[in-house]
Amino acid sequence: MVRVVVDLNRCQGYAQCAFLAPDVFEMHGEEALLYKPRPDEAHRDDVVRAVAACPVQAILMDRSDETVTVGEASDAR
Ligand code: SF4
């Protein structure tokens, strides 16, 4: 599970995120940003790109579950 939080006070509505991860972020009108706080795992890479592209670093992403993935991988060995 990916968790996403956008600091809407920071967000300037540049829509980079909506362009890079349209399944997660959506512009509603000119300035309002809608987003899914818990997008599917399948959209993780898109969200990572959106986080990197946001000009004001308004997007926060919880990557704690990546640690879980690493742990599972090492257990399997
Ligand atoms: S890229 Fe950043 S500033 Fe632009 S709409 Fe998305 S969150 Fe807001």
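Counting starts at 1 for both ligands and their atoms, following the listed order.
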Requested in this report: Please identify which atoms of ligand 1 are closer than 4.0 Å to at least one heavy atom of Val56.
Outcome: 3 (S)
Query raised in the report: Which ligand 1 atoms are under 4.0 Å away from a heavy-atom of Tyr14?
Result: 3 (S), 4 (Fe), 5 (S)
**Report entry** Distance-minimising heavy-atom pair for Tyr14 and Val56
**Finding:** CE1-CG1, 4.0 Å
**Report entry** Closest non-hydrogen atom pair, Asp23 against His43
**Finding:** OD2-CE1, 3.2 Å
Report summary line: To atom 2 (Fe) of ligand 1, the nearest of Ala15, Ala52, Cys54 on a heavy-atom basis is Cys54
Could you find the nearest protein heavy atom to [atom] and give me its residue, atom name and distance?
atom	value
atom 6 (Fe) of ligand 1	Cys17 SG, 2.2 Å
atom 3 (S) of ligand 1	Gln12 N, 3.3 Å
atom 8 (Fe) of ligand 1	Cys11 SG, 2.3 Å

Requested in this report: Examine Val5 and Val2 and state if one hydrophobic cluster contains both, with Ile, Leu, Val, Met, Phe, Trp and Tyr joined whenever side-chain heavy atoms are less than 4.5 Å apart.
Outcome: yes
Query - Within one Ile-Leu-Val-Met-Phe-Trp-Tyr cluster: Leu8 and Leu20, side-chain cutoff 4.5 Å - result: no
**Report entry** Exam field: side chain Gln12 to backbone Arg10, donor-acceptor pair closer than 3.5 Å
**Finding:** yes
